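A short worksheet on the structure shown next.
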Amino acid sequence: MFPGATADREVADYVLLGAPLDISTSFQPGTRFGPNRIRRFAESFDDYDRRTDQFFTDLRVHDAGDVRAWDDAPEYVEWLSGSVRDAVWDDAVPVVLGGEHTVTAAGVTGVEPDVFVCLDAHLDLRTEYDGNEWSHATVTRRVLDKLGVDEVAILGARTGSPDEWERADADDVTVVEPEAVADWDPDFEDDQSVYLSVDIDAADPAFAPGTGTKEPFGLTSREMRDVVRAVAPHADGFDVVEVNDRDDGQAASLAAKLLREFVFSHAAGRADE
């Protein structure tokens, strides 16, 4: 159980779902261990958040455990999206712990947002990778072309194929390079639904080496934190993905802290409404 996620499912405002999918990681696998590593490395965090003057244990967070993964990505994503949708129907915010980035398709399917905001080193705008249309390298393209999202903002991207950069030039995509992320401010309409996805490889590998496809010259932990704080009050769903077991807990610790920042900032924003 994620530390502090002690609420019963029936009264939860936030529902955590582990999604340990690990079938298309293209360099270093291990995302199957991500959800439980994120839980484990959250154990040292204090319950109290001084910035928002809130206790995590007061925010009615429920950890529903892992949705067991198998080796058929389309079937798994469909199954996982049902669990996400159940949380939405119960007026709770789904929070998905990956797992490879492919699981984001389930979060977006369940939430049905207008805007998709993603922290990511990679554009993930391929139509296929190594012949696989369900690769983790295709998830943002799937969100755009298959799942009905109107706008995508990719923050921290620093690599992609020529075809991906061409797709990124379209009006429905905004790419914010790492050097500009600190100055980026979200500009959502009041009636827009937003989904926030954090691929931990958006961070420079110096901050989060435990991920499958490292890409230097990335974001700092604080830059990622500031984006999560800014977007969370507008978001109806959240995930953090691509954590593996190939470091001493740096990536999992950052992922866990960003998850908590999302919940604290979302709850504070809701209280101010």
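Residue numbers count from 1 along this sequence. Since this is a predicted model, take the numbers as computed values, not measurements.
No side-chain heavy atom of T174 sits less than 4.5 Å from a side-chain heavy atom of I154. Counting heavy atoms from C-beta outward, C118 and V152 have side chains that stay 4.5 Å or more apart. At a threshold of 4.5 Å between non-hydrogen side-chain atoms, the residues P35 and F2 do not count as touching. In this structure, the side chains of F262 and V93 come closer than 4.5 Å at one or more pairs of heavy atoms. Taking 4.5 Å as the limit, some side-chain heavy atom of V263 sits within range of a side-chain heavy atom of V61. Side-chain contact between I38 and N36 is absent, with no heavy-atom pair separated by less than 4.5 Å. Considering only heavy atoms from C-beta on, E215 comes within 4.5 Å of H122 through its side chain. For the pair F238/V96, no side-chain contact is recorded, criterion being any heavy-atom separation below 4.5 Å from C-beta on.
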message = Working note: V115 + V149, criterion side chain to side chain contact (heavy atoms under 4.5 Å, CB included); need CA distance, chi angles, decisive distance, verdict.
response = CA-CA 6 Å; V115 181; V149 169; 5.6 Å; no
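At least one test fails for K214 against the ring of F27: distance under 6.0 Å to the centre or angle within 45° of the axis. Cation-pi contact between R68 and W79: absent, since separation from the ring centre below 6.0 Å together with deviation from the ring axis within 45° is not met.
Looking only at atom types and distance, the side chain of S24 has a donor-acceptor partner in the side chain of E100 under 3.5 Å away. Between H136 and Y129, the side chains place no donor N or O within less than 3.5 Å of an acceptor N or O (distance only, hydrogens not considered). Checking D124 against H101 by side-chain atom types alone, a donor-acceptor pair falls below 3.5 Å. Between the side chains of R142 and T102, not a single donor N or O lies within less than 3.5 Å of an accepting N or O. Side-chain atoms of D239 and T104 include a donor-acceptor pair closer than 3.5 Å. Using a 3.5 Å distance cut-off with no hydrogens or angles, the side chains of D201 and T213 do not pair a donor with an acceptor. Between D114 and S193, the side chains place no donor N or O within less than 3.5 Å of an acceptor N or O (distance only, hydrogens not considered).
Residue V108 is grouped with residue V88 when hydrophobic side chains (ILVMFWY) are merged at heavy-atom distances under 4.5 angstrom, including chains of intermediate members. Hydrophobic clustering (ILVMFWY, side-chain heavy atoms < 4.5 Å, transitive): V198 and Y14 are in one cluster. Residues V173 and F116 share a hydrophobic cluster, clusters being chains of Ile/Leu/Val/Met/Phe/Trp/Tyr side chains in contact below 4.5 Å. I200 and L259 fall within the same hydrophobic cluster, where Ile, Leu, Val, Met, Phe, Trp and Tyr residues are linked whenever their side-chain heavy atoms come under 4.5 Å apart, directly or through other members. Hydrophobic cluster membership differs between L21 and W134, with clusters built from Ile, Leu, Val, Met, Phe, Trp and Tyr side chains linked at under 4.5 angstrom.
The neighbour count for R85 CZ, taken as heavy atoms of other residues, nucleotides or ligands under 6.0 Å away, is above 12. More than 12 heavy atoms of other shown residues, nucleotides or ligands fall within 6.0 angstrom of atom CG in D169. Shown here is E133, whose CD atom has no more than 12 heavy atoms of other residues, nucleotides or ligands within 6.0 Å. Atom CD of E179 has more than 12 neighbouring heavy atoms from other residues, nucleotides or ligands inside a 6.0 Å radius. No more than 12 heavy atoms of other residues, nucleotides or ligands lie within 6.0 Å of CZ in R222, so this atom counts as exposed by the packing criterion.
Using a 4.0 Å cut-off between charged nitrogen and carboxylate oxygen, R229 and E261 count as a salt-bridge pair. Ion pairing between D247 and R37 holds under the 4.0 Å rule for side-chain N and carboxylate O. Ion pairing between R158 and E177 fails under the 4.0 Å rule for side-chain N and carboxylate O. Ionic pairing of R167 and D145 is present here: one or more N-O contacts between side-chain nitrogen and carboxylate oxygen are shorter than 4.0 angstrom. Taking a cutoff of 4.0 Å between a charged side-chain nitrogen and a carboxylate oxygen, R39 and D66 qualify as a salt bridge.
Note that OG1 of T127 and CG of N132 are 11.0 Å apart. Values are rounded to the nearest 0.5 Å. The distance from atom CG of D130 to atom CD of E128, rounded to the nearest 0.5 Å, is 7.5 Å. For the atom pair D150 CG and D172 CG, the distance stands at 8.5 Å (nearest 0.5 Å). Between the CG atom in D245 and the CD atom in Q28 there is a gap of 9.5 Å [rounded to 0.5 Å]. Note: D58 CG to D49 CG = 12.0 Å, rounded to the nearest 0.5 Å.
Counting all heavy atoms, side chain and backbone alike, A64 lies closest to V15 at CB-CG1, 4.2 Å. The shortest non-hydrogen separation linking F207 to S221 is CD2-OG, 3.4 Å. Of all heavy-atom pairs spanning L254 and A203, the tightest one is CD2-CB, 4.0 Å. Heavy atoms only, all atoms of each residue included: A105 and V139 are closest at N-CG2, 4.0 Å. The nearest pair of heavy atoms linking G160 to L123 is CA-CD1, 4.1 Å. Summarising the geometry of V117 relative to L155, their closest heavy-atom pair is CG1-CD1, 4.1 Å, with the distance given to 0.1 Å.
Between H234 and F188, the two ring planes are perpendicular [angle over 60°; tilted spans 30° to 60°]. Below 30°, between 30° and 60°, or above 60°: for Y76 and W70 the angle between ring planes is above 60°, a perpendicular geometry.
When ring centroids are compared, F264 and F56 come within the 6.0 Å threshold.
At least one donor-acceptor pair under 3.5 Å links the side chain of D204 to the backbone N or O of F217. S81 contributes no side-chain N or O that, together with a main-chain N or O of T109, makes up a donor-acceptor pair within less than 3.5 Å. Remark: side-chain polar atoms of T211 are paired, donor with acceptor, to backbone N or O of E242 under 3.5 angstrom. When atom types are taken as modelled, the side chain of T31 and the backbone of G34 share no donor-acceptor pair closer than 3.5 angstrom. Using modelled atom types, one side-chain atom of D47 and one backbone atom of T57 make a donor-acceptor pair closer than 3.5 Å. Here the side chain of S161 pairs a donor or acceptor atom with the backbone of E164 at under 3.5 angstrom. A donor-acceptor pair under 3.5 Å is formed between the side chain of D72 and the backbone N or O of E75.
Under the side-chain hydrogen bond (donor to acceptor under 3.5 Å, both in side chains) criterion, the residue pairs touching residues 4-13 are R9-D90, D13-R60, with sequence neighbours excluded.
The only member of D22, T25, N244 that meets side-chain hydrogen bond (donor to acceptor under 3.5 Å, both in side chains) when paired with R32 is D22.
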